[in-house]
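First listed ligand is number 1; within each ligand, the first listed atom is number 1. When reading the values below, keep in mind they use all heavy atoms of this one structure, side chains included, and skip hydrogens, waters and symmetry mates.
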Amino acid sequence: MAWWMVMTGRIKTRKRPTPFTLPDGFRLLPAYFSRATQQDLLETIRAGVRRAPLYRPVMPRTGKPLSVRMSNFGAFGWITSKEGYRYGKTHPATGKPWPPLPRALIDLWQDVSGWPDLPEACLINYYDQGARLGLHVDADENAINAPIVSVSLGDQALYRIGGQSRTDPTRSLRLSSGDVLILAGDARRCYHGVDRIYPGTSTLLPKGGRINLTMRVVGQTQ
Ligand code: MD6
Ligand code: FE
């Protein structure tokens, strides 16, 4: 040991972070969408949520409300209620079908997913300043091997990804407006969530907050 290491206390104080490799199939495309395209996408989302309003879903069993508000595009929408998680063809409050998947999102899917089937569902998550989303694995799809393609719009988010077991080490990264994230392969089965939103980090949404879109192949016929 060199004397200066003792003098500076380097040996005592230096902590190694836990090693972590991003899971296979995790792919981040930073700034995939230009500002102009983000704005177009936002207009499309606004039109969608006029037809299928954002609602505050509740946890199965407990009925505890989530802090994230949700809606969907596509033939199927992901719904959570006291009865459990499921894919359904209609909005739980209005009873009407979800608006169709926007062309721009289908184009994105075909550009980045590498998957032959088209997505049948797109979950819209809206986070206000204090909203978060607990660690979870998306596992309600029959097409469990098809990738999920995710788009971030608005304020930055602290996104966390771990392994296939809830207690595996995790790694945190910031997602920014216009970023596209793909969970395919092993990463498709990994725990992930959103720990916080950073208010004031984007001017895309006039009132702030964050929108996340996740496209899925559902593989369900009813
Ligand atoms: C979010 N994303 O970014 C939450 N799920 O707000 C997800 O839960 C997610 O980014 C599956 C695949 C990609 C994702
Ligand atoms: Fe997810």
### Message
Among the N, O or S atoms of His192, which one sits nearest to the Fe ion (ligand 2)?
### Response
NE2
## Note on the structure
Of all protein heavy atoms, the one nearest atom 10 (O) of ligand 1 is Ser150 OG, 3.1 Å
## Note on the structure
Quick note on ligand 1: atoms under 4.0 Å from a heavy atom of Leu183 include exactly 11 (C), 12 (C), 13 (C)
### Message
Looking at Tyr127, I'd like to know if the NZ or CZ of Arg210 sits under 6.0 Å from its six-membered ring centre while staying within 45 degrees of the ring's axis.
### Response
yes
### Task
Give yes or no for whether the N/O distance cutoff of 3.5 Å, strictly under, is met between Arg216 and ligand 1.
no
### Query
Going by an N to O cut-off under 4.0 Å, is there a salt bridge joining Asp138 and Arg216?
yes
### Message
Between the side chains of Arg61 and Glu83, is the shortest nitrogen-to-carboxylate-oxygen separation below 4.0 Å, so that they form an ion pair?
### Response
no
### Task
Check whether the side chains of Arg160 and Ser172 place a donor and an acceptor atom closer than 3.5 Å, and report yes or no.
no
### Task
Indicate yes or no: does an N/O atom of Thr214 lie under 3.5 Å from an N/O atom of ligand 1?
no
### Task
Among all protein heavy atoms, pick the one closest to atom 2 (N) of ligand 1 and tell me residue, atom and distance.
Asn212 OD1, 3.6 Å
### Summary
the protein heavy atom lying closest to atom 14 (C) of ligand 1 turns out to be Tyr159 OH, 3.5 Å
#### Entry: Top protein contact for atom 9 (C) of ligand 1, by heavy-atom distance
His192 NE2, 3.3 Å
### Task
Please calculate the NE2(His136)-the Fe ion (ligand 2)-OD1(Asp138) angle and round it to 10 degrees.
90°
## Note on the structure
The closest protein heavy-atom partner of atom 3 (O) of ligand 1 is Arg210 NH2, 3.0 Å
### Task
Kindly confirm or rule out a cation-pi arrangement of Arg174 over Tyr198, judged by NZ or CZ under 6.0 Å from the six-membered ring centre and within 45° of its axis?
yes
#### Entry: Test item: Asp155 side-chain N/O and Gly208 main-chain N/O as donor-acceptor pair under 3.5 Å
no
### Query
Between Tyr191, Tyr127, Phe26, which one has a non-hydrogen atom sitting closest to atom 4 (C) of ligand 1?
Tyr127
### Task
Could you list which atoms of ligand 1 come closer than 4.0 Å to a heavy atom of His136?
8 (O)
### Query
Side-chain contact, heavy-atom cut-off 4.5 Å: Ile124 with Val49?
yes
### Query
Has Arg188 got any heavy atom lying under 4.0 angstrom from an atom of ligand 1?
no
### Query
Looking just at side-chain N and O atoms, do Tyr32 and Asp111 make a donor-acceptor pair shorter than 3.5 Å?
yes
### Ring centers of Phe76, Trp98 separated by less than 6.0 Å
no
### Query
Any N or O on Asn125 sitting closer than 3.5 Å to an N or O of ligand 1?
no
